[in-house]
Amino acid sequence: MRNRVVAGNWKMNTTPSEGLGFIRALSDKDLKEVRVIIAAPYTHLGLLNQVVSDEIEIAAQNVNAAEKGAYTGEVSISMLKDLGVETVILGHSERRAYYHEDHQQLKDKVDACLSQDMNIIFCCGEPLDVRKSGAEKSYVARQLEESLFHLEEDLDNVIIAYEPIWAIGTGETATPEQAQEMHAYIRSLIEERYGVNVSEDIAILYGGSVKPANAQELFSKEDVDGGLVGGASLDVESFYHIINA
Ligand code: PGA
């Protein structure tokens with residue numbers, strides 16, 4: 001069976017001390033057979049890794065592709081690894097929109113991460129106008145082709161997160177049927193490119209207003225292997241409810 005994954009994306013929320021309180025509370029809970037990941041701000045990572053239980057993984061929300069050098073304000077893969085961080089989110093729609101991360105930059109980040117054994121959660125997803133025009137599949141296919149499908153080998157260290165932009169932080173969720181349709185499509189693209197063993201193994205998460213009230217229905221769909229959760233990952237009880245779903 002594929003890995004079940006619930007990843008929280010805190011974005012630019014919580015102070016390090018608040019994050020610490022959250023991780024202590026979540027570490028006390030029984031997390032069963034779900035891979036639980038918390039993507040916290042850079043400032044929190046070292047601190048959280050000192051207290052986190054074995055069942056929870058602390059991840060970063062971004063990283064620079066360069067090894068080191070004159071990149072003011074940036075953080076490298078080796079800096080993250082030195083703090084014990086082994087997973088990073090790449091290509092979140094907010095980074096694409098506000099920081100103009102394009103296909104080529106993301107491709108470079110993917111390559112840098114995988115060459116240094118960093119796991120990635122690669123985000124894709126269409127904006128509302130694309131969904132309305134019915135072109136969401138070709139839009140998502142292009143995101144995958146341009147930044148991920150150049151990889152020659154299997155996708156062992158890759159998780160994909162499908163996050164329709166119109167559902168992120170809006171309270172509007174894709175229906176379980178819409179999520180399933182896109183996830184099955186993404187899986188079919190992976191099968192075409194990498195074969196059925198890889199496509200059946202890879203975890204594809206849904207993101208976009210996942211909440212305790214809708215998680216179970218979304219996660220019950222065959223090709224939805226868990227969620228990338230923003231807002232609802234900021235409250236321990238909500239997030240725990242989603243993990244249990
Ligand atoms: P949301 O965010 O759950 O608040 O919609 C999801 C995300 O951006 O990863």
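Every number for a ligand or one of its atoms is a count from 1 in the order of the listing.
- Residue-ligand proximity, Gly208 to ligand 1, at heavy-atom distances under 4.0 Å covers atoms 5 (O).
- For ligand 1 and Ala167, the ligand atoms under 4.0 Å from any heavy atom of the residue are 5 (O).
- With a 4.0 Å cut-off on non-hydrogen atoms, Asn9 touches ligand 1 through its side chain and not its backbone.
- Using the six-membered ring where Trp is involved, Tyr206 and His183 have ring planes that are tilted, between 30° and 60° apart.
- Taking every non-hydrogen atom of Lys11 and a distance limit under 4.0 Å, the qualifying atoms of ligand 1 come out as 2 (O), 7 (C), 8 (O).
- Remark: side-chain polar atoms of Arg95 are not paired, donor with acceptor, to backbone N or O of Asn62 under 3.5 angstrom.
- Note on ligand 1: Ser209 sits in its first shell, one or more heavy atoms being nearer than 4.0 Å.
- A continuous path of Ile, Leu, Val, Met, Phe, Trp and Tyr side chains, each step under 4.5 Å between heavy atoms, connects Met182 with Phe219, placing both in one hydrophobic cluster.
- Of the candidates Thr87, Val63, Leu90, Leu155, Ile120 forms a side chain to side chain contact (heavy atoms under 4.5 Å, CB included) with just one, namely Leu90.
- In terms of protein heavy atoms, atom 3 (O) of ligand 1 is closest to Gly230 N, 2.8 Å.
- Taking the side-chain contact (heavy atoms from CB on, under 4.5 Å) definition, one finds that Leu20 meets it with Arg24, Leu47, Leu48, Val51, sequence neighbours left out.
- At the shortest separation from atom 9 (O) of ligand 1 among protein heavy atoms lies Glu163 OE2, 2.6 Å.
- Looking at Cys123 against ligand 1, nothing comes within 4.0 Å, counting heavy atoms.
- Under the 3.5 Å distance criterion, the side-chain polar atoms of Asn13 are matched with a main-chain donor or acceptor of Trp10.
- Every atom of ligand 1 is numbered from 1 in the order shown, and the set under 4.0 Å from a heavy atom of Gly169 is 1 (P), 4 (O), 5 (O).
- Near Gly231, meaning under 4.0 Å from any of its heavy atoms, are these atoms of ligand 1: 1 (P), 3 (O), 4 (O).
- Between Trp166 and the options Glu126, Glu136, Glu172, a side chain to side chain donor-acceptor pair (under 3.5 Å) holds for only Glu126.
- Using a 4.0 angstrom heavy-atom cutoff, His92 counts as in contact with ligand 1.
- Applying the under-4.5 Å side-chain rule to Ile, Leu, Val, Met, Phe, Trp and Tyr, the cluster around Leu205 extends to Val5, Ile37, Ile89, Ile121, Ile159, Leu228.
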